[in-house]
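Each ligand, and each atom within it, is numbered from 1 in the order the structure gives.
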Amino acid sequence: MSARLIIMGPQGSGKGTQAARLAERLGVPAISTGDIFRANVKGGTELGNQAKAIMDAGDLVPDSLTNAMVRDRLAEADTAEGFILDGYPRNAAQVEALDAVLAERGVTLDAVVELSADRDELLARLARRAVVEGRADDTEEAISRRLAIYAEQTAPLTDAYAERGLLVAVDGIGDVDDVTERLMAALASRVG
Ligand code: ADP
């Protein structure tokens, strides 16, 4: 079984939750750039110190740092049979950097999943998450900044992946288990 996937979707679309579930089902690691950055902030590493203020404002960490971090992560042994990238790539330069890393490793993507949800649902979920998780970047300003960056820089990336025949669109509204089943069904012909 091999599964090399990207999961895309705006903040609140349930992307992180579904990435973890798909990873479990497919037997490959879910790699969340946001989680890796947060772990670095918590651990007080140099990378974490560089990223913290940027993340709190809802801005993107510079590509140089992000691309190097992903390159290192994809060199780890647990990605031999695949991975699910959650939160990366987020702009055109990151798409190029990822293409280069995969080409060096002699592998290709199997699919890019786009999880959709309407804006009212996204905002409702984010408001709930802000209460439950207490993330430093779940302030109103940082959330709207992240949604704006998603719309401007990240959503357009689906066009490029659609042209490559990799895009799979899945409705992210509904019960968490139902969405997982929808994802598994949509990916069935692409992984394995
Ligand atoms: P969300 O999807 O709610 O924005 P993430 O956990 O994916 O949350 O990301 C949190 C923050 O981590 C981002 O706002 C950004 O500052 C940083 N980050 C995560 N992934 C990337 C990336 N690919 N490029 C640049 N910054 C990133």
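Listed for the Thr45 side chain is no donor-acceptor partner under 3.5 Å among the backbone atoms of Val41. Of the possible polar contacts, one joining the Thr139 side chain to the Ala142 backbone as a donor-acceptor pair under 3.5 Å is found.
Counting heavy-atom neighbours within 6.0 Å of Glu96 CD, excluding the residue itself, gives a total of 12 or less.
Listed by atom number, the atoms of ligand 1 under 4.0 Å from Lys15 heavy atoms are 2 (O). Taking every heavy atom of Thr66 and a limit of under 4.0 angstrom, the matching atoms of ligand 1 come to 22 (C), 23 (N), 24 (N), 25 (C). Close approach of ligand 1 to Gln94 (heavy-atom distance below 4.0 Å) involves ligand atoms 22 (C), 23 (N), 24 (N), 25 (C). Close contacts of ligand 1 with Arg146, meaning ligand atoms under 4.0 Å from a residue heavy atom, involve 1 (P), 3 (O), 4 (O), 14 (O). In summary, the atoms of ligand 1 found under 4.0 Å from a heavy atom of Asp59, numbered by their order in the structure, are 14 (O), 15 (C), 16 (O). Taking a cut-off of under 4.0 Å to the non-hydrogen atoms of Thr33, the atoms of ligand 1 that pass are 19 (C), 20 (N), 21 (C), 23 (N). In the vicinity of Gly87, heavy-atom distances shorter than 4.0 Å reach the ligand 1 atoms 20 (N), 21 (C), 22 (C), 23 (N).
The two atoms that bring Thr66 and Val61 nearest to each other are OG1-O, 3.5 Å, heavy atoms only. Listed here is the closest heavy atom pair of Ala155 and Ala151: CB-O, 4.0 Å.
Looking from atom 8 (O) of ligand 1 to the surrounding protein, the closest heavy atom is Arg135 NH2, 3.1 Å. Protein heavy atom closest to atom 10 (C) of ligand 1, with residue, atom name and distance, is Arg38 NH1, 3.6 Å. Among all non-hydrogen protein atoms, the one lying nearest atom 26 (N) of ligand 1 is Val61 N, 3.0 Å. Among all protein heavy atoms, the one lying closest to atom 27 (C) of ligand 1 is Phe37 CE1, 3.7 Å.
For Arg145 and Asp56, the salt-bridge test fails: no basic side-chain N is under 4.0 Å from an acidic carboxylate O. Under the 4.0 Å criterion applied to side-chain N and carboxylate O atoms, Arg146 and Asp138 are assigned as salt-bridge partners. With respect to Glu104 and Arg71, a salt bridge is recorded, a charged nitrogen being found less than 4.0 Å from a carboxylate O.
The residue from Met55, Arg145, Lys52, Gln153 that puts a heavy atom closest to atom 11 (C) of ligand 1 is Met55. The option from Met69, Arg90, Gln11 that lies nearest to atom 13 (C) of ligand 1, judged by heavy atoms, is Arg90.
Annotation: side chain of Asn91 is in contact with side chain of Leu60 (closest heavy-atom distance under 4.5 Å).
At least one heavy atom of Arg129 lies less than 4.0 angstrom from ligand 1.
No single ILVMFWY cluster, assembled from side-chain heavy atoms under 4.5 Å apart, contains both Leu122 and Ile149.
Polar contact check, Gly58 against ligand 1: no nitrogen or oxygen pair lies under 3.5 Å apart.
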